Chemist: 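Take a look at this one; I'll ask things after.
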There are 2 protein chains.
Amino acid sequence: MPSRMDPLSLEVVELIGTVVGRYYEEYERAAAEHSLTGAQARVLGLLALEPMPMRQIAQKLKCEPSNITGIVDRLEARGLVERRPDPADRRVKLAAPTPDGLTTATDLRDSLNFAREPLAELSADERTVLRDLLRRMLGA
Amino acid sequence: MPSRMDPLSLEVVELIGTVVGRYYEEYERAAAEHSLTGAQARVLGLLALEPMPMRQIAQKLKCEPSNITGIVDRLEARGLVERRPDPADRRVKLAAPTPDGLTTATDLRDSLNFAREPLAELSADERTVLRDLLRRMLGA
DNA sequence: TATTGTTATACTCTATAACTATA
DNA sequence: TATAGTTATAGAGTATAACAATA
């Protein structure tokens, strides 16, 4: 299995792959603790920042709009989200978290242990260095 | 939305979340280019490192063994993987990549652009720092 | 005509439980 | 009896295509 990438970059990519795997597991576990699927938790987390039209949720999640219908249906059936009419355009439905949904979204974020465990290994200075490197990588 | 985490750690976690999102998209895109689902690509990538029993694949992917049957079925139908008997235990089936599967796995890894784009922003020294910080975080 | 959200359909992934063939 | 792999089943996510209401 030869590769065209230099060993250093290759190792960084592998390490990032490991981070991705751990983060993903943590996210799914946190969602499951609230009896939510990963997709449901992602939509709820998005709406907790700002209510938005169904179509915009699909754009943010990079999936087809038709999928959002079912996910919001299930969140609505649990009383975590509601659909509101958009006064400006009667075709649009705005999805918004209920108070219960907002609480769940906050709980969900706080129960993401990922921050505590791997990050606790680093000093504040190291975290600053890491932050700056990640910002540069992501063009932020 | 109050949080109990300090702003620095919070930002690092958010940045890591962004990295996770981009990496995941890249992975799915690379898999789709080869007409594979993400799960199929992950199994193929695993077997490219080393053939292994069905049950061990499930352990590595942290899912139920029954799911692996279908994924390997589909990879086998495409001629990318084959099931071999284990001489030591006739209950066991070893899943192994075919030559075609090995080629696909290598192509797949090389077409993971994630390495080139975000990482290209960093100098070799910065990549070394990033590698060491990630190693520390992951306890490697 | 174009757009928003929905429905219908088909496929994949996932967990659970029951089955088979070995051990 | 215990284990490896499979099958059956049900729920969820996904893309595609077609549809109703509205713009």
Side-chain angles (χ1 to χ4, degrees), chain A residues 21 24-47 51-78 80-96, chain B residues 21 24-47 51-78 80-96:
Chain A
Y24 211 77
E25 279 170 41
E26 273 296 316
Y27 197 90
E28 294 289 319
R29 183 201 52 69
E33 272 180 13
H34 295 268
S35 301
L36 293 171
T37 65
Q40 288 164 12
R42 277 185 286 279
V43 168
L44 183 58
L46 199 59
L47 297 179
M52 64 182 73
M54 305 290 285
R55 208 154 195 100
Q56 194 176 332
I57 302 174
Q59 284 167 355
K60 293 275 188 184
L61 265 67
K62 297 187 204 301
C63 72
E64 293 301 313
S66 59
N67 301 324
I68 304 302
T69 299
I71 297 173
V72 169
D73 279 353
R74 290 181 271 277
L75 287 170
E76 199 166 31
R78 300 243 332 244
L80 301 175
V81 159
E82 63 181 11
R83 277 180 247 235
R84 301 178 189 155
D86 181 341
D89 186 338
R90 291 198 300 173
R91 292 174 302 182
V92 172
K93 290 176 191 169
L94 296 169
Chain B
Y24 211 77
E25 280 171 39
E26 272 297 315
Y27 197 90
E28 293 289 320
R29 183 200 53 69
E33 272 180 14
H34 294 268
S35 301
L36 293 171
T37 65
Q40 288 164 11
R42 277 185 286 279
V43 168
L44 184 58
L46 199 59
L47 297 179
M52 64 182 74
M54 306 291 284
R55 208 152 196 102
Q56 193 177 333
I57 302 175
Q59 284 167 355
K60 293 275 187 184
L61 264 67
K62 296 187 203 301
C63 73
E64 293 301 313
S66 60
N67 301 324
I68 304 303
T69 298
I71 297 173
V72 169
D73 280 351
R74 290 180 272 277
L75 287 170
E76 198 166 30
R78 300 243 332 244
L80 301 175
V81 159
E82 63 181 10
R83 278 180 246 234
R84 301 178 189 154
D86 181 341
D89 187 337
R90 290 198 300 171
R91 292 174 302 181
V92 173
K93 290 176 190 168
L94 296 169

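A, B, ... follow the sequence lines: proteins, then strands. Residue 1 opens every chain. Below, each value reflects all heavy atoms present in this structure, side chains not excepted, and no hydrogens, waters or symmetry copies. Remember, it's a predicted structure, so these values are computed and weren't measured experimentally.
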Chemist: At their closest point, which heavy atom of A:P85 faces which heavy atom of A:L94, and how far apart are they?
Modeler: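 Where A:P85 meets A:L94 most closely, the heavy atoms are O-CD1, 4.2 Å.
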Chemist: To the nearest Å, how far apart are A:R55 CZ and C:dA2 P?
Modeler: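 Taking atom P of C:dA2 as the reference, CZ of A:R55 is at 14 Å.
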Chemist: Find the distance B:E76:CD to D:dG5:P and express it as a whole number of Å.
Modeler: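 From B:E76 CD to D:dG5 P: 13 Å.
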Chemist: Could you run down nucleotides 11-18 of chain C 5' to 3' and tag each one B, S or - for protein heavy-atom contact under 4.0 Å?
Modeler: -SSBBBB-
Chemist: Please report the shortest heavy-atom distance between A:L46 and A:M52, naming the atom on each side.
Modeler: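 That would be CG-CE, 3.8 Å.
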Chemist: Tell me the interatomic distance from A:I68, atom CD1, to C:dG5, atom C1', rounded to whole angstroms.
Modeler: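 Distance, rounded to whole Å: 11 Å.
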Chemist: Would you call A:R74 and A:R78 a side-chain contact if the rule is heavy atoms closer than 4.5 Å?
Modeler: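 They are not in side-chain contact.
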Chemist: Can you tell me how far P of C:dT6 sits from CG of A:L94, to the nearest Å?
Modeler: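 After rounding, the reported distance stands at 12 Å.
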Chemist: Kindly indicate whether the side chain of B:E25, heavy atoms from C-beta on, has any atom under 4.5 Å from the side chain of B:E28.
Modeler: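 In short, these two side chains do not touch, never coming nearer than 4.5 Å.
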Chemist: Quick check: closest heavy atoms across B:R83 and B:V72, and the distance to 0.1 Å?
Modeler: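 So the two residues come closest at CZ-CG1, 3.7 Å.
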Chemist: Would you name the heavy atoms of A:L80 and A:L44 that are closest together and state the gap between them?
Modeler: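 Closest heavy-atom pair between A:L80 and A:L44: O-CD1, 4.0 Å.
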Chemist: Grab the two heavy atoms, one from A:A31 and one from A:T37, that are nearest each other, plus how far apart they are.
Modeler: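 So the minimum-distance heavy-atom pair works out to CB-O, 3.8 Å.
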Chemist: Going by the side chain to side chain contact (heavy atoms under 4.5 Å, CB included) test, name the single residue among B:N67, B:I71, B:V81 that passes it with B:V43.
Modeler: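 Going through B:N67, B:I71, B:V81 one by one, the side chain to side chain contact (heavy atoms under 4.5 Å, CB included) with B:V43 is satisfied by B:I71 alone.
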Chemist: Could you tell me the separation between the CD atom of A:Q56 and the C1' atom of C:dG5, rounded to a whole number of Å?
Modeler: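 In whole Å, C:dG5 C1' and A:Q56 CD are 14 Å from each other.
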Chemist: Going by number, which of residues 86-93 of chain B have a non-hydrogen atom under 4.0 Å from DNA chain C?
Modeler: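 Close to the strand are B:D89, B:R90, B:R91.
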Chemist: Nearest heavy-atom pair of B:A95 and B:M54: which atoms, and what distance?
Modeler: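 Reported closest heavy-atom pair: CB-SD, 4.3 Å.
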Chemist: Could you check how far CG of A:L44 sits from P of D:dG13, rounded to whole Å?
Modeler: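 So the CG-P distance, A:L44 to D:dG13, works out to 13 Å.
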Chemist: Could you give the CE-to-C1' distance, from A:M54 to D:dA21, as a whole number of Å?
Modeler: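 Nearest whole value for this atom pair: 15 Å.
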Chemist: Provide, to the nearest angstrom, the distance between the CD1 atom belonging to A:I57 and the C1' atom belonging to C:dG5.
Modeler: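 So the CD1-C1' distance, A:I57 to C:dG5, works out to 11 Å.
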